[in-house]
There are 2 protein chains.
Amino acid sequence: MTAEDNPDACPIVRSIEQIGSQWRLVVLHDLREEEKRFNELKRSTGASSRTLSRVLDDLQEMGFVSRRLEEDAPVATFYTLTDKGESLCPVFDEIETWADEWLAPETEPEAEPATAD
Amino acid sequence: MTAEDNPDACPIVRSIEQIGSQWRLVVLHDLREEEKRFNELKRSTGASSRTLSRVLDDLQEMGFVSRRLEEDAPVATFYTLTDKGESLCPVFDEIETWADEWLAPETEPEAEPATAD
DNA sequence: CGCAGGTAGTTCCGTTTCGATACCCAGTTT
DNA sequence: AAACTGGGTATCGAAACGGAACTACCTGCG
(Lines give C-alpha, C1' and ligand atoms only; values in the text may rest on other atoms or scores of the structure.)
Protein backbone atom coordinates (compact mmCIF):
# COMPACT_ATOMS: atom_id res chain seq x y z
CA MET A 1 0.00 0.00 0.00
CA THR A 2 1.07 3.53 0.71
CA ALA A 3 0.16 4.15 -2.91
CA GLU A 4 -1.24 7.55 -3.68
CA ASP A 5 -3.96 6.12 -5.82
CA ASN A 6 -5.37 2.75 -4.97
CA PRO A 7 -8.66 2.32 -6.78
CA ASP A 8 -9.46 -0.86 -4.89
CA ALA A 9 -9.58 0.87 -1.55
CA CYS A 10 -12.77 2.32 -0.24
CA PRO A 11 -13.20 6.06 -0.75
CA ILE A 12 -12.30 6.93 2.78
CA VAL A 13 -9.07 5.00 2.63
CA ARG A 14 -8.26 6.72 -0.62
CA SER A 15 -8.94 10.05 1.05
CA ILE A 16 -6.63 9.11 3.83
CA GLU A 17 -3.98 8.15 1.35
CA GLN A 18 -4.21 11.61 -0.11
CA ILE A 19 -4.52 13.79 2.93
CA GLY A 20 -3.36 11.55 5.72
CA SER A 21 0.06 12.95 6.40
CA GLN A 22 1.13 15.43 9.01
CA TRP A 23 2.60 17.99 6.72
CA ARG A 24 -0.07 17.88 4.11
CA LEU A 25 -2.72 18.40 6.71
CA VAL A 26 -0.81 21.10 8.49
CA VAL A 27 -0.14 22.98 5.27
CA LEU A 28 -3.73 22.67 4.08
CA HIS A 29 -4.93 23.87 7.43
CA ASP A 30 -2.53 26.75 7.29
CA LEU A 31 -3.80 27.82 3.93
CA ARG A 32 -7.38 27.94 5.10
CA GLU A 33 -7.06 31.43 6.42
CA GLU A 34 -5.51 33.03 3.39
CA GLU A 35 -3.09 32.51 0.57
CA LYS A 36 0.47 32.38 1.77
CA ARG A 37 3.97 32.53 0.46
CA PHE A 38 6.57 29.84 0.63
CA ASN A 39 8.60 31.23 3.48
CA GLU A 40 5.49 32.28 5.29
CA LEU A 41 4.33 28.69 5.28
CA LYS A 42 7.78 27.58 6.26
CA ARG A 43 7.64 29.75 9.34
CA SER A 44 4.06 29.03 10.29
CA THR A 45 4.22 25.29 9.81
CA GLY A 46 7.77 24.75 10.94
CA ALA A 47 8.47 22.49 7.98
CA SER A 48 11.89 22.55 6.38
CA SER A 49 12.32 23.95 2.89
CA ARG A 50 12.76 20.51 1.45
CA THR A 51 9.71 19.09 3.12
CA LEU A 52 7.53 22.07 2.43
CA SER A 53 8.61 22.09 -1.17
CA ARG A 54 7.73 18.44 -1.58
CA VAL A 55 4.44 18.79 0.24
CA LEU A 56 3.42 21.74 -1.87
CA ASP A 57 4.33 19.86 -5.02
CA ASP A 58 2.23 16.93 -3.89
CA LEU A 59 -0.70 19.10 -2.97
CA GLN A 60 -0.54 20.88 -6.29
CA GLU A 61 -0.37 17.62 -8.18
CA MET A 62 -3.40 16.36 -6.31
CA GLY A 63 -5.22 19.58 -6.98
CA PHE A 64 -5.61 20.81 -3.42
CA VAL A 65 -3.40 23.83 -3.78
CA SER A 66 -2.55 26.17 -6.56
CA ARG A 67 0.52 28.26 -7.05
CA ARG A 68 0.35 31.80 -8.23
CA LEU A 69 3.48 33.51 -9.44
CA GLU A 70 3.52 37.24 -9.24
CA GLU A 71 6.13 38.49 -11.63
CA ASP A 72 5.62 42.17 -10.93
CA ALA A 73 8.23 43.59 -8.68
CA PRO A 74 10.36 41.02 -6.87
CA VAL A 75 8.93 37.73 -8.06
CA ALA A 76 6.63 36.34 -5.42
CA THR A 77 4.85 33.05 -5.18
CA PHE A 78 1.56 32.55 -3.45
CA TYR A 79 -0.10 29.32 -2.52
CA THR A 80 -3.87 29.10 -2.31
CA LEU A 81 -6.40 26.40 -1.71
CA THR A 82 -8.28 25.30 -4.78
CA ASP A 83 -11.96 24.43 -4.58
CA LYS A 84 -10.89 20.92 -3.79
CA GLY A 85 -8.68 22.24 -1.04
CA GLU A 86 -11.43 24.44 0.35
CA SER A 87 -13.75 21.50 0.32
CA LEU A 88 -11.73 19.99 3.13
CA CYS A 89 -12.76 22.75 5.52
CA PRO A 90 -15.55 20.72 7.14
CA VAL A 91 -13.00 18.03 7.89
CA PHE A 92 -10.78 20.54 9.62
CA ASP A 93 -13.76 21.94 11.46
CA GLU A 94 -14.51 18.49 12.72
CA ILE A 95 -10.92 17.98 13.81
CA GLU A 96 -11.08 21.33 15.53
CA THR A 97 -14.20 20.30 17.38
CA TRP A 98 -12.55 17.09 18.39
CA ALA A 99 -9.46 18.92 19.54
CA ASP A 100 -11.53 21.26 21.66
CA GLU A 101 -12.98 18.33 23.49
CA TRP A 102 -9.98 16.08 23.72
CA LEU A 103 -6.96 18.28 23.47
CA ALA A 104 -7.98 21.39 25.31
CA PRO A 105 -4.80 23.44 25.85
CA GLU A 106 -4.99 23.39 29.62
CA THR A 107 -6.66 20.09 30.37
CA GLU A 108 -5.77 16.90 28.61
CA PRO A 109 -8.47 14.48 29.64
CA GLU A 110 -7.52 10.82 29.82
CA ALA A 111 -11.11 9.68 30.15
CA GLU A 112 -14.38 11.17 28.99
CA PRO A 113 -14.11 14.88 28.42
CA ALA A 114 -16.28 16.83 30.81
CA THR A 115 -18.33 18.72 28.28
CA ALA A 116 -21.21 19.95 30.39
CA ASP A 117 -22.90 16.61 30.99
CA MET B 1 8.44 19.50 14.95
CA THR B 2 7.09 16.06 14.16
CA ALA B 3 6.89 15.71 17.91
CA GLU B 4 3.96 13.71 19.18
CA ASP B 5 3.21 16.31 21.77
CA ASN B 6 3.98 19.88 21.03
CA PRO B 7 2.16 22.07 23.55
CA ASP B 8 3.01 25.22 21.62
CA ALA B 9 1.08 24.18 18.58
CA CYS B 10 -2.57 25.04 18.18
CA PRO B 11 -4.98 22.25 19.08
CA ILE B 12 -5.67 21.33 15.52
CA VAL B 13 -2.02 20.92 14.74
CA ARG B 14 -1.63 18.79 17.82
CA SER B 15 -4.54 16.68 16.65
CA ILE B 16 -2.90 16.28 13.31
CA GLU B 17 0.31 15.25 14.99
CA GLN B 18 -1.57 12.49 16.75
CA ILE B 19 -3.85 11.18 14.07
CA GLY B 20 -2.25 12.49 10.92
CA SER B 21 -0.64 9.39 9.58
CA GLN B 22 -1.97 7.01 6.98
CA TRP B 23 -1.80 3.89 9.04
CA ARG B 24 -3.18 5.34 12.20
CA LEU B 25 -6.14 6.75 10.34
CA VAL B 26 -6.73 3.61 8.36
CA VAL B 27 -6.60 1.43 11.45
CA LEU B 28 -8.85 3.72 13.44
CA HIS B 29 -11.29 3.82 10.59
CA ASP B 30 -11.20 0.05 10.33
CA LEU B 31 -12.01 -0.33 13.98
CA ARG B 32 -15.09 1.85 13.73
CA GLU B 33 -17.30 -0.98 12.61
CA GLU B 34 -16.38 -3.45 15.28
CA GLU B 35 -13.56 -4.76 17.36
CA LYS B 36 -11.07 -6.68 15.35
CA ARG B 37 -8.22 -9.08 15.78
CA PHE B 38 -4.67 -8.51 14.77
CA ASN B 39 -4.65 -10.58 11.62
CA GLU B 40 -8.05 -9.32 10.70
CA LEU B 41 -6.70 -5.79 10.75
CA LYS B 42 -3.65 -6.93 8.89
CA ARG B 43 -5.80 -8.27 6.09
CA SER B 44 -8.28 -5.43 5.98
CA THR B 45 -5.75 -2.63 6.14
CA GLY B 46 -3.00 -4.26 4.14
CA ALA B 47 -0.39 -3.18 6.65
CA SER B 48 2.54 -5.44 7.34
CA SER B 49 2.77 -7.15 10.73
CA ARG B 50 5.60 -4.88 11.63
CA THR B 51 3.78 -1.71 10.75
CA LEU B 52 0.47 -2.78 12.20
CA SER B 53 2.10 -3.80 15.43
CA ARG B 54 3.78 -0.43 15.75
CA VAL B 55 0.66 1.49 14.83
CA LEU B 56 -1.43 -0.42 17.35
CA ASP B 57 1.15 0.24 20.04
CA ASP B 58 1.07 3.93 19.24
CA LEU B 59 -2.71 4.07 19.22
CA GLN B 60 -2.87 2.26 22.53
CA GLU B 61 -0.30 4.56 24.05
CA MET B 62 -2.28 7.56 22.92
CA GLY B 63 -5.47 6.05 24.25
CA PHE B 64 -7.36 5.65 21.01
CA VAL B 65 -7.43 1.90 21.04
CA SER B 66 -7.55 -0.75 23.70
CA ARG B 67 -6.41 -4.32 23.54
CA ARG B 68 -8.46 -7.13 24.99
CA LEU B 69 -6.86 -10.49 25.49
CA GLU B 70 -9.20 -13.44 25.52
CA GLU B 71 -7.46 -16.27 27.21
CA ASP B 72 -10.31 -18.74 26.96
CA ALA B 73 -9.82 -21.16 24.15
CA PRO B 74 -7.01 -20.32 21.75
CA VAL B 75 -5.69 -17.03 23.05
CA ALA B 76 -7.19 -14.24 21.01
CA THR B 77 -6.55 -10.51 21.02
CA PHE B 78 -9.13 -7.97 20.14
CA TYR B 79 -8.60 -4.33 19.41
CA THR B 80 -11.36 -1.87 20.12
CA LEU B 81 -11.78 1.86 19.95
CA THR B 82 -11.78 3.59 23.30
CA ASP B 83 -14.10 6.49 23.95
CA LYS B 84 -11.35 8.72 22.68
CA GLY B 85 -11.12 6.59 19.57
CA GLU B 86 -14.88 6.64 19.07
CA SER B 87 -14.86 10.36 19.47
CA LEU B 88 -13.11 10.60 16.12
CA CYS B 89 -16.13 9.22 14.30
CA PRO B 90 -17.44 12.63 13.26
CA VAL B 91 -14.08 13.32 11.69
CA PHE B 92 -14.29 10.14 9.67
CA ASP B 93 -17.86 10.94 8.75
CA GLU B 94 -16.69 14.26 7.43
CA ILE B 95 -13.91 12.60 5.46
CA GLU B 96 -16.45 10.18 4.11
CA THR B 97 -18.69 13.01 3.01
CA TRP B 98 -15.75 14.66 1.37
CA ALA B 99 -14.76 11.44 -0.35
CA ASP B 100 -18.26 10.98 -1.70
CA GLU B 101 -18.07 14.35 -3.33
CA TRP B 102 -14.50 14.34 -4.51
CA LEU B 103 -13.46 10.76 -4.81
CA ALA B 104 -16.53 8.97 -6.01
CA PRO B 105 -15.45 5.51 -7.14
CA GLU B 106 -16.58 5.92 -10.72
CA THR B 107 -16.11 9.61 -11.30
CA GLU B 108 -13.10 11.54 -10.13
CA PRO B 109 -14.05 15.16 -10.66
CA GLU B 110 -11.25 17.59 -11.37
CA ALA B 111 -13.46 20.61 -10.89
CA GLU B 112 -16.51 21.26 -8.75
CA PRO B 113 -18.34 18.08 -7.94
CA ALA B 114 -21.84 17.98 -9.35
CA THR B 115 -23.75 17.33 -6.16
CA ALA B 116 -27.28 18.12 -7.21
CA ASP B 117 -27.06 21.87 -6.88
C1' DC C 1 1.16 -38.80 16.64
C1' DG C 2 2.93 -35.49 13.39
C1' DC C 3 2.39 -32.01 10.22
C1' DA C 4 -0.10 -28.24 7.99
C1' DG C 5 -2.16 -24.03 9.08
C1' DG C 6 -3.90 -20.10 11.91
C1' DT C 7 -3.06 -16.40 15.54
C1' DA C 8 -0.11 -12.79 17.43
C1' DG C 9 3.33 -10.94 17.12
C1' DT C 10 9.09 -9.90 16.90
C1' DT C 11 13.51 -9.70 14.49
C1' DC C 12 16.17 -8.69 10.67
C1' DC C 13 17.16 -6.33 6.56
C1' DG C 14 16.84 -3.74 2.38
C1' DT C 15 14.43 0.19 0.36
C1' DT C 16 11.92 4.47 0.54
C1' DT C 17 10.88 8.45 2.45
C1' DC C 18 11.97 12.25 5.62
C1' DG C 19 13.98 16.20 7.29
C1' DA C 20 17.80 19.39 8.47
C1' DT C 21 21.48 21.65 6.55
C1' DA C 22 23.85 23.70 3.11
C1' DC C 23 23.74 25.86 -0.82
C1' DC C 24 22.02 28.51 -5.07
C1' DC C 25 20.21 32.29 -7.70
C1' DA C 26 17.55 36.55 -8.14
C1' DG C 27 16.21 40.77 -6.35
C1' DT C 28 16.69 44.50 -2.60
C1' DT C 29 18.12 46.94 0.82
C1' DT C 30 22.03 49.54 2.99
C1' DA D 1 29.53 45.59 -2.67
C1' DA D 2 27.84 42.98 1.37
C1' DA D 3 24.14 41.22 3.55
C1' DC D 4 19.38 39.88 3.58
C1' DT D 5 14.99 37.94 1.89
C1' DG D 6 12.38 34.87 -1.11
C1' DG D 7 11.96 30.49 -3.32
C1' DG D 8 13.55 26.89 -3.79
C1' DT D 9 17.22 22.35 -5.03
C1' DA D 10 21.18 19.00 -3.68
C1' DT D 11 22.93 16.19 -0.41
C1' DC D 12 23.07 13.00 3.12
C1' DG D 13 22.05 10.73 7.49
C1' DA D 14 17.97 9.14 10.15
C1' DA D 15 13.69 7.26 10.53
C1' DA D 16 9.87 4.77 8.71
C1' DC D 17 8.13 1.10 6.03
C1' DG D 18 7.43 -3.54 3.78
C1' DG D 19 8.45 -8.25 3.53
C1' DA D 20 10.03 -12.43 4.75
C1' DA D 21 11.45 -15.35 8.20
C1' DC D 22 11.07 -16.95 12.81
C1' DT D 23 8.89 -17.85 17.50
C1' DA D 24 5.42 -19.88 20.31
C1' DC D 25 1.10 -21.64 20.99
C1' DC D 26 -3.19 -23.81 19.56
C1' DT D 27 -6.16 -26.50 16.28
C1' DG D 28 -7.68 -29.55 13.15
C1' DC D 29 -6.73 -33.60 9.97
C1' DG D 30 -5.07 -38.03 8.32
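Just so we're clear, the structure is a prediction, and the values are computed from it rather than from any experiment. Every chain is numbered from 1 and lettered A, B, ... according to where its sequence line falls, protein lines coming before strand lines.
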> Closer to the 5' end of DNA chain D via nearest nucleotide, is it A/Thr77 or B/Ala47?
Replying inline: A/Thr77
> Does the distance from a Lys or Arg side-chain N to an Asp or Glu carboxylate O, for A/Lys84 and A/Glu86, drop under 4.0 Å?
Replying inline: no
> With B/Glu96, which residues qualify under salt bridge (charged side-chain N to carboxylate O under 4.0 Å, His left out), at least two apart?
Replying inline: B/Arg32
> For the pair made of CH2 in B/Trp23 and C1' in D/dA16, what is the distance, rounded to whole Å?
Replying inline: 12 Å
> Between C/dT7, D/dC17, C/dG19, which one does the side chain of B/Thr51 approach most closely?
Replying inline: D/dC17
>> So, applying salt bridge (Lys or Arg N to Asp or Glu O under 4.0 Å) with A/Asp30, which one of A/Arg24, A/Lys36, A/Lys42 is it?
In response: A/Lys36
Restricting to nitrogen or oxygen on both sides, can you table the protein-nucleotides 10-12 of chain C pairs closer than 3.5 Å?
residue: C/dT10; atom: OP2; partner: B/Ser53; partner atom: OG; Å: 2.5
residue: C/dC12; atom: N4; partner: B/Arg50; partner atom: NE; Å: 2.9

>> What is the separation between atom CZ on B/Phe78 and atom P on C/dA8, rounded to the nearest whole Å?
In response: 7 Å
> Where the side chain of A/Glu40 meets the backbone of A/Arg37, is there a donor-acceptor pair that is under 3.5 Å apart?
Replying inline: yes
>> What is the separation between atom CZ on A/Arg24 and atom P on C/dG19, rounded to the nearest whole Å?
In response: 11 Å
> Can you find a heavy atom in the side chain of B/Gln22 that is under 4.5 Å from one in the side chain of A/Val13?
Replying inline: no
> For B/Leu41 and C/dG9, what is the distance between atoms CG and P respectively, to the nearest whole Å?
Replying inline: 10 Å
>> In this structure, how many angstroms lie between the C1' atom of D/dG7 and the CZ atom of A/Arg67, rounded?
In response: 8 Å
>> Output the rounded distance in Å from CG (A/Leu52) to P (C/dT17).
In response: 19 Å
> Can you tell which of B/Phe64, B/Trp23, B/Phe92 makes a ring pair (Phe, Tyr, Trp, His ring centres under 6.0 Å) with B/His29?
Replying inline: B/Phe92
>> Grouping I, L, V, M, F, W and Y whenever their side-chain heavy atoms are under 4.5 Å apart, do B/Met62 and B/Ile16 come out in a common cluster?
In response: yes
>> Whole angstroms only, please: what is the NZ-P distance between A/Lys42 and C/dG19?
In response: 13 Å
>> Is the phosphate of C/dT7 approached by B/Asn39 (side-chain N or O, under 4.0 Å from OP1 or OP2)?
In response: yes
> Of all the nucleotides listed (D/dG8, D/dG7, D/dG18), which has the minimum atom distance to the side chain of A/Tyr79?
Replying inline: D/dG8
> Rounded to whole angstroms, how far apart are CZ on A/Arg37 and P on D/dG8?
Replying inline: 10 Å
